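Heads up: the structure comes next, in structure tokens.
Treat the numbers as computed from the prediction; the structure is a model and nothing was measured. Convention: sequence-line order gives letters A, B, ...; per-chain numbering from 1.
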4 protein chains.
Amino acid sequence: MSARREDTRRRLFHAAVSLIAEQGFGATSVDQIAERAGVAKGTVYYNFGGKTELFTALLAWGISRLAEEMRAAAEAAPSGTALTEVLRAELAFIGEHEAFARLLVSEAWQTNQAWYATVQQIRNEAISVIGAVLDTAARRGSVPATLDTGVASSALFGMVLTVALDWRTLQPERPMEEIHAILVQLAQGMVSR
Amino acid sequence: MSARREDTRRRLFHAAVSLIAEQGFGATSVDQIAERAGVAKGTVYYNFGGKTELFTALLAWGISRLAEEMRAAAEAAPSGTALTEVLRAELAFIGEHEAFARLLVSEAWQTNQAWYATVQQIRNEAISVIGAVLDTAARRGSVPATLDTGVASSALFGMVLTVALDWRTLQPERPMEEIHAILVQLAQGMVSR
Amino acid sequence: MSARREDTRRRLFHAAVSLIAEQGFGATSVDQIAERAGVAKGTVYYNFGGKTELFTALLAWGISRLAEEMRAAAEAAPSGTALTEVLRAELAFIGEHEAFARLLVSEAWQTNQAWYATVQQIRNEAISVIGAVLDTAARRGSVPATLDTGVASSALFGMVLTVALDWRTLQPERPMEEIHAILVQLAQGMVSR
Amino acid sequence: MSARREDTRRRLFHAAVSLIAEQGFGATSVDQIAERAGVAKGTVYYNFGGKTELFTALLAWGISRLAEEMRAAAEAAPSGTALTEVLRAELAFIGEHEAFARLLVSEAWQTNQAWYATVQQIRNEAISVIGAVLDTAARRGSVPATLDTGVASSALFGMVLTVALDWRTLQPERPMEEIHAILVQLAQGMVSR
DNA sequence: CATGAATGAGGCTTCATTCAT
DNA sequence: TATGAATGAAGCCTCATTCAT
């Protein structure tokens with residue numbers, strides 16, 4: 001793939017993320033995406049085949065990155081701090097990619113969508129990173145063995161997502177560390193014995 | 001307002017809720033709503049003024065009901081069980097109005113929408129019910145005085161929403177009480193001293 | 001016909017004239033007419049049968065009044081001043097019923113309209129008042145016998161209409177007498193020997 | 001702009017002029033315009049943005065042409081015949097573009113229209129051509145210095161318009177020269193000393 | 001590799017008219 | 001005599017997609 005094409009795809013990606021996050025998928029037109037990317041309309045089709053495909057690629061790319069950053073944080077964390085670091089990674093990702101996060105929330109729970117399977121599959125990747133951390137902790141005895149780690153990891157994921165978006169919406173001036181500290185406090189109570 | 005008109009509005013309301021929940025707002029046409037309600041298309045405009053207005057009314061109605069049921073649960077709860085009962089009310093509402101809940105999640109964090117203010121305002125109503133419960137508990141000393149109850153109530157609300165939708169999506173056969181028990185266990189740890 | 005009905009019809013008439021003059025026939029809805037008249041929509045149909053019929057009645061009524069006032073002015077005029085007085089009557093009518101005059105101009109030359117025949121017929125009534133004055137003057141020798149009085153009366157009618165509307169639009173502060181004086185000056189030159 | 005697009009725009013223009021002139025603006029649908037132009041409906045919007053914009057462009061184009069032809073006639077006229085030639089140009093234009101002329105009369109005095117400013121501005125262009133001729137004549141002493149040339153030019157413009165449309169409507173078999181001769185006779189009297 | 005003119009299905013909305021009360 | 005809820009045909013407009021260049 002040529003460097004030019006690579007660049008075009010990147011610009012389309014960026015334009016689409018920001019627009020869809022602002023307005024939603026349905027309200028965003030291919031015209032708008034092309035205009036914000038600075039290319040002609042046909043270029044969208046040449047590069048992605050269609051609006052839906054562009055969107056699916058977008059979601060997959062974004063959730064993969066989220067999962068990767070969470071996984072990297074878990075692996076790099078000093079012993080005993082994995083959960084803290086994973087939550088920080090999720091919070092930081094949302095803070096940095098607020099537009100994408102809104103997009104994810106808007107579309108992730110919509111059944112009857114072309115990309116539902118994609119979203120569900122990759123969302124589980126992210127959640128399973130948390131699940132793995134909890135399972136490890138359970139084996140070490142630092143969380144109750146009776147905890148349903150599947151539900152708990154989904155709960156943690158959703159809690160962070162909700163709090164993070166409320167943070168960006170209602171109190172964007174608060175530093176991330178402050179929010180992170182509260183989340184860690186809540187999470188520790190939730191899962192610690 | 002005549003009884004006939006009252007009835008027509010009710011039928012349009014029901015038709016719109018079910019359709020939008022199934023397909024989302026954008027994918028639902030006024031034609032479909034009118035057809036399912038058994039009226040002519042123009043009647044939608046005569047009664048609600050437009051698709052957006054109908055949808056705004058819909059959201060307001062639904063979120064109000066959610067907040068009311070949570071508030072009623074809090075007030076009726078025996079001493080010391082308020083949080084447990086409020087979470088049950090939220091979980092039950094989502095279980096019973098799954099379609100509406102998906103709709104709510106899809107639209108609640110979308111800025112630049114006509115109904116953003118409406119959603120935000122009434123969503124806060126629901127969250128503040130949890131906040132009030134936590135504040136009361138804080139005064140009684142059963143939760144740490146240092147807890148940021150604003151963030152905590154948002155966290156609890158989002159946790160329940162996420163878990164509930166995952167429950168309906170992935171494990172709908174599990175009884176609600178089982179999910180509720182896990183949530184209460186998580187919530188107790190989150191906020192108890 | 002009852003006094004109540006009479007009143008209702010009058011109010012509908014008035015509402016329709018002002019609205020149609022402001023916006024044109026096509027852009028004026030029955031809803032607007034009913035609202036400005038302070039009656040329900042159905043009342044329009046009860047009293048006039050339809051939008052077109054209301055409009056036709058409107059035009060007929062207005063042009064008849066214009067013709068009558070011009071004819072009355074001609075008959076009441078001292079010898080030799082008939083033309084002066086007829087033009088004054090036309091100018092005064094337009095000044096007083098500006099809305100109706102705009103309406104007349106907008107619709108009078110539109111072929112393919114339901115009311116075309118009505119308008120044409122009654123417009124000729126007005127023009128023929130001028131024609132009669134000119135014919136009388138021709139017999140008395142105060143206008144050239146070679147003058148085509150048919151064309152001349154149409155020219156005079158149109159001249160007054162155009163000037164009057166420009167007066168109301170562009171220089172409404174000028175007194176009518178001033179405009180009338182100019183028109184008489186022009187008209188005298190046009191037709192006098 | 002591509003040649004293809006240029007051609008499409010021209011065809012839409014012609015289709016719109018003929019249709020609107022036949023039926024009026026309100027009664028002409030975008031469907032009809034597209035069909036007569038031999039393009040798809042969307043093409044109207046791609047090229048003009050909407051029905052109103054197409055119409056505004058249309059009016060501007062037509063009135064400009066009228067003003068231009070009148071101005072050209074004034075400039076080309078042998079000394080002392082400017083008024084005669086300008087009136088002939090106006091009469092000829094109306095005779096050749098009867099449809100457009102009806103359209104102009106219908107819309108020119110309608111306040112509260114999107115294109116009101118456009119029409120008014122360019123209509124004044126046409127009238128001011130007559131005004132300039134009168135002013136020149138006044139300086140040469142061939143018309144009374146006391147004449148209000150502003151009102152007089154508006155009067156002449158309206159006179160010709162009225163007479164021309166009545167000619168086309170009621171006596172289309174009469175040759176233009178005959179009508180022109182009468183108009184000149186009337187106009188000479190109006191303004192000559 | 002990219003463009004942008006053109007398409008036409010499909011959506012939202014308006015509004016003259018009807019009719020049961 | 002008047003009302004106003006309901007209708008549905010008809011209109012305007014959007015937009016994902018195609019394709020010749």
Side-chain angles (χ1 to χ4, degrees), chain A residues 1-9 26-34 38-47 49-54, chain B residues 1-9 12 26-34 37-52 54, chain C residues 1-9 26-34 38-47 49-54, chain D residues 1-9 12 26-34 38-54:
Chain A
M1 188 177 301
S2 76
R4 182 186 179 193
R5 182 162 188 188
E6 196 79 19
D7 180 57
T8 299
R9 290 175 66 99
T28 299
S29 69
V30 175
D31 265 298
Q32 289 174 337
I33 296 172
V39 301
K41 204 202 258 194
T43 306
V44 176
Y45 290 86
Y46 184 75
N47 280 282
K51 194 190 175 191
T52 301
E53 289 86 340
L54 169 56
Chain B
M1 187 173 307
S2 72
R4 184 183 181 197
R5 185 166 187 184
E6 198 85 25
D7 180 56
T8 299
R9 288 175 69 100
L12 280 169
T28 300
S29 71
V30 174
D31 269 291
Q32 291 172 335
I33 295 173
V39 300
K41 201 179 352 177
T43 304
V44 176
Y45 293 88
Y46 183 73
N47 280 284
F48 287 97
K51 195 189 174 192
T52 300
L54 171 54
Chain C
M1 188 176 303
S2 75
R4 180 186 179 195
R5 182 162 189 188
E6 195 78 19
D7 180 57
T8 299
R9 288 176 68 100
T28 298
S29 69
V30 175
D31 266 298
Q32 290 174 337
I33 296 173
V39 301
K41 205 201 253 194
T43 305
V44 176
Y45 290 86
Y46 183 76
N47 279 283
K51 194 188 174 193
T52 302
E53 289 87 338
L54 168 56
Chain D
M1 188 173 307
S2 73
R4 185 182 180 198
R5 185 166 189 185
E6 199 83 26
D7 179 56
T8 300
R9 290 175 68 99
L12 280 170
T28 299
S29 71
V30 174
D31 269 290
Q32 290 173 336
I33 296 173
V39 300
K41 201 183 346 181
T43 305
V44 176
Y45 293 89
Y46 184 74
N47 280 283
F48 287 96
K51 195 189 174 192
T52 301
E53 289 87 339
L54 171 55

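The CG-C1' distance, from A:Asp7 to E:dA2, rounds to 13 Å in whole Å. Rounded to whole angstrom, the span from the CG atom of C:Leu54 across to the C1' atom of E:dC15 amounts to 15 Å. Between the NZ atom of B:Lys51 and the C1' atom of E:dG11 there is a distance of 8 Å, given to the nearest Å. Regarding C:Asp31, its CG atom lies at a distance of 8 Å from the P atom of E:dC15, rounded to whole Å. Computed from coordinates, the C:Arg9 CZ to F:dT1 P distance equals 11 Å when rounded to whole Å.
Heavy atoms only, all atoms of each residue included: D:Phe48 and D:Glu53 are closest at O-CB, 3.2 Å.
In this model, the phosphate group of E:dT14 is not approached by any side-chain N or O of B:Tyr45 to a distance below 4.0 Å at OP1 or OP2.
Residues meeting the side chain to side chain contact (heavy atoms under 4.5 Å, CB included) test with C:Gln32, sequence neighbours left out: C:Leu19, C:Gln23, C:Thr28, C:Ser29. C:Lys41 pairs by the side chain to side chain donor-acceptor pair (under 3.5 Å) definition with C:Asp31, not counting sequence neighbours. In this view, B:Thr8 satisfies the side chain to side chain donor-acceptor pair (under 3.5 Å) rule with no residue, not counting sequence neighbours. Under the rule for a side chain to side chain donor-acceptor pair (under 3.5 Å), C:Thr43 has no partner lying at least two apart in sequence or in another chain.
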- Using Watson-Crick or G-U wobble pairs with both distances under 3.5 Å, give me DNA chain E in dot-bracket, 5' to 3', with [ ] for crossers and | for pairs to another strand. .||||||||||||||||||||
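Of the inter-residue distances, the one linking A:Tyr46 atom OH with A:Arg5 atom CZ reads 5.0 Å to the nearest 0.5 angstrom. Between C:Ser2 atom OG and C:Glu6 atom CD the span is 8.0 Å, to the nearest 0.5 Å. Atom CG in A:Leu54 sits 9.5 Å away from atom CG in A:Asn47 (nearest 0.5 Å).
Projected onto DNA chain E by closest heavy-atom contact, B:Ala27 and C:Glu53 fall at different nucleotides, the more 5' of which corresponds to B:Ala27. DNA chain F is contacted by both D:Ser29 and A:Val30; D:Ser29 maps to the nucleotide lying nearer its 5′ end (nearest heavy atom per residue).
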Anything under 3.5 Å between a protein N or O and an N or O of nucleotides 4-7 of chain F, put it in a table, one pair a line.
| unit_1 | atom_1 | unit_2 | atom_2 | d |
| --- | --- | --- | --- | --- |
| F:dG4 | O3' | B:Tyr46 | OH | 2.9 |
| F:dG4 | N7 | C:Gly42 | N | 3.3 |
| F:dA5 | OP2 | B:Arg5 | NH1 | 2.8 |
| F:dA5 | OP2 | B:Tyr46 | OH | 2.2 |
| F:dA5 | O5' | B:Tyr46 | OH | 3.3 |
| F:dA6 | OP1 | B:Arg4 | O | 3.3 |
| F:dA6 | OP1 | B:Thr8 | OG1 | 2.4 |
| F:dA6 | OP2 | B:Asn47 | ND2 | 3.3 |
| F:dT7 | OP2 | B:Ala40 | N | 3.0 |
| F:dT7 | OP2 | B:Thr43 | OG1 | 2.3 |

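Residue-level contact check: D:Thr52 touches neither bases nor backbone, having no heavy atom under 4.0 Å from any strand.
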